[in-house]
Asks: 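Take this structure first; my questions come after.
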Amino acid sequence: MKWNIYQGSPLALSVTLSSGQAFRWRKDSTNVWWGTIGNLGVALSKPNEGADAPLYWQTFPLENRWEVVSDYLRLDVDVDALYREWIKREPAIAEATRRFRGLRVLRQPPQECLFSFLCATCNTVTKIERTVSKLALRYGEPIASPNEENGEQTPELFAFPTLLALAEADEALLRSDLWGYRAPRVIQAARSLSILPSDYLLALRQRPLAEVRSALTSLHGIGTKLADCIALFSLDKDEAVPVDTHIRQIAVRHFAPLLSEKSLTPRVYAEIENAYRDRFGDYAGWAQQYLFFGELKRAETLAGCPD
DNA sequence: GCTTAACCTGGACGC
DNA sequence: GCGTCCAGGTTAAGC
């Protein structure tokens, strides 16, 4: 495989691909990340440490599709400028921006993002990764591997399944693939979406957050939190703040202690997301991702399994 | 408007 | 080896 090299905006590749936004990226023994964007296979690698180190990249079977890769990684966003603004308004985020400089919120294909987060309710990141990968393996089309040179081994990659394939999926098989009680939700959501215009989800990128939320929560199995995840990670809603247990704990610890005793009702959810938006503005969702990933690492350290 | 229980399952943990 | 708890939530019913 012939690598291309990009050197420009800071990018924390491994942090970005393992921060709980996308669930089908895999790193091989040579530190190459393999994944898919739509029907395109993608290989990404940063042999040298550091957000400013060169990025090696290639796509397949169509080669050299940089516009797809850079769009997915949101390399147009000036993260250093964001950090300066955030720290001025909330010093508590300084450590996370230092540790994870170059972490980016991805612009994923909305369909894969939606079904991945449908799996996330009451689940662990490890299990979500396995479950979503099984879904692609069972119902997705294989992507032709790049030409192998020098004994390179490329993993088998699958495009995310079509709505039609998911709408006709077998519930019992999905249950046995770790979807559990979420299995009927996958089929039902696929059926609901398959009768809408084919660009329905993509068109939501042009709509305001409130409208996006309303559209997504009308699907069975998607509540406010999942709708915010899908809006942030695939529909350009950089201001969306998915409030989960981690994000709530961070808010309570740093800037909303009065919310510690309250149940996460819609009103409390709104109070927490507003607390983030007051501090971090139009890119509150990005700031949330830095704090969320820091919290994940903190939990791993407390559990005795650092990095 | 808020609380509660049910929904799958595997891994971690204590015994 | 076994029981218990928990994990990026949603939904529907009951108050």
Side-chain angles (χ1 to χ4, degrees), chain A residues 15-25 96 100 103 105-106 108 112-135 169-190 192 213-234 237 240-253 259-273 276 284-306:
Chain A
V15 168
T16 298
L17 298 182
S18 64
S19 63
Q21 311 178 51
F23 301 97
R24 290 204 300 135
W25 286 93
F100 310 129
L103 164 61
V105 165
L106 300 169
Q108 302 179 56
E112 172 158 1
C113 186
L114 185 151
F115 286 97
S116 298
F117 278 97
L118 208 46
C119 176
T121 62
C122 241
N123 220 337
T124 59
V125 172
T126 313
K127 273 175 67 181
I128 300 167
E129 288 171 352
R130 278 162 49 188
T131 310
V132 177
S133 295
K134 279 190 174 191
L135 189 72
D170 182 79
E171 186 181 323
L173 276 180
L174 286 182
R175 283 180 181 270
S176 69
D177 282 350
L178 303 179
W179 283 88
Y181 65 90
R182 309 167 195 89
R185 295 179 181 176
V186 172
I187 298 168
Q188 209 170 329
S192 300
R213 242 189 201 174
S214 163
L216 293 174
T217 53
S218 69
L219 297 167
H220 182 78
I222 297 183
T224 311
K225 194 267 173 177
L226 294 194
D228 281 341
C229 285
I230 299 159
L232 175 63
F233 299 134
S234 73
K237 299 295 160 273
V241 179
V243 179
D244 59 25
T245 50
H246 300 297
I247 286 304
R248 185 182 179 191
Q249 283 169 13
I250 295 163
V252 166
R253 200 180 314 133
L259 297 176
S260 65
E261 300 301 323
K262 298 185 180 177
S263 304
L264 191 56
T265 60
R267 185 183 297 174
V268 174
Y269 189 105
E271 283 183 43
I272 293 173
E273 65 172 334
Y276 277 86
W286 284 59
Q288 167 274 156
Q289 191 62 15
Y290 280 75
L291 294 167
F292 170 77
F293 192 64
E295 189 72 6
L296 271 192
K297 290 289 151 195
R298 183 172 179 266
E300 284 176 9
T301 306
L302 290 175
C305 48

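To find a chain, count down the sequence lines: A is the first, B the second, and so on, and within it residues start at 1.
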Asks: How would you label the contact of I247(A) with the nucleic acid (heavy atoms, under 4.0 Å): base, sugar-phosphate, or nothing?
Replies: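 Result for I247(A) = nothing.
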Asks: What is the distance, rounded to the nearest whole Å, between atom NZ of K127(A) and atom C1' of dT9(B)?
Replies: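 Taking atom C1' of dT9(B) as the reference, NZ of K127(A) is at 4 Å.
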Asks: For a quick check of understanding: with a heavy-atom distance under 4.0 Å over all strands, which category does Q249(A) fall into, base, sugar-phosphate or nothing?
Replies: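 The residue Q249(A) makes no contact with any strand.
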Asks: Checking all strands, does L174(A) fall into the base, sugar-phosphate, or nothing category for heavy-atom contacts under 4.0 angstrom?
Replies: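 Result for L174(A) = nothing.
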Asks: Work out how far the P atom of dC8(B) is from that of dC2(C), and round it to whole angstrom.
Replies: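 Rounded to whole Å, the distance is 25 Å.
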Asks: Less than 4.0 angstrom between a side-chain N/O of T265(A) and OP1 or OP2 of dC2(B), yes or no?
Replies: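 Looking at the OP1 and OP2 atoms of dC2(B), one of them is under 4.0 Å from a side-chain N or O of T265(A).
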Asks: Rounded to the nearest Å, what distance is computed from the CZ atom of residue F115(A) to the P atom of nucleotide dG9(C)?
Replies: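 Spelled out: CZ on F115(A) to P on dG9(C) is 20 Å.
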Asks: My validator wants the stems of DNA chain B: runs of 3 or more consecutive Watson-Crick or G-U pairs, both distances under 3.5 Å, written as range with range.
Replies: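 Output for stems: B:1-7 with C:9-15, B:9-15 with C:1-7.
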Asks: Taking any heavy-atom pair under 4.0 Å as a contact, classify T126(A): base, sugar-phosphate, or nothing.
Replies: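 The residue T126(A) makes no contact with any strand.
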Asks: Is there a side-chain polar atom (N or O) of S263(A) under 4.0 Å from OP1 or OP2 of dT3(B)?
Replies: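 Answer is yes, contact under 4.0 Å.
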Asks: When we call it a touch if two heavy atoms are under 4.0 Å apart, what does R175(A) touch: a base, just sugar-phosphate, or nothing?
Replies: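 Sugar-phosphate only.
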Asks: At under 4.0 Å, does any side-chain N or O of R182(A) touch on OP1 or OP2 of dA6(B)?
Replies: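 Negative; the distance criterion is not met.
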Asks: Nearest-Å distance, CG (D244(A)) to C1' (dT10(C))?
Replies: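 These atoms are roughly 14 Å apart.
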Asks: Counting the atoms with a prime plus P, OP1 and OP2 as sugar-phosphate, which does Q289(A) contact under 4.0 Å by heavy atoms, base, sugar-phosphate, or nothing?
Replies: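 Result for Q289(A) = nothing.
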Asks: For residues 289-296 of chain A, which side-chain donor-acceptor pairs fall under 3.5 Å, sequence neighbours excluded?
Replies:
| unit_1 | atom_1 | unit_2 | atom_2 | d |
| --- | --- | --- | --- | --- |
| Q289(A) | NE2 | S19(A) | O | 2.8 |
| Q289(A) | NE2 | S19(A) | OG | 3.2 |
| Y290(A) | OH | Y83(A) | OH | 2.5 |
| Y290(A) | OH | L103(A) | N | 3.4 |
| Y290(A) | OH | L103(A) | O | 2.5 |
| E295(A) | OE1 | R253(A) | NH1 | 3.3 |
| E295(A) | OE1 | R253(A) | NH2 | 3.0 |
| E295(A) | OE2 | R253(A) | NH2 | 2.8 |

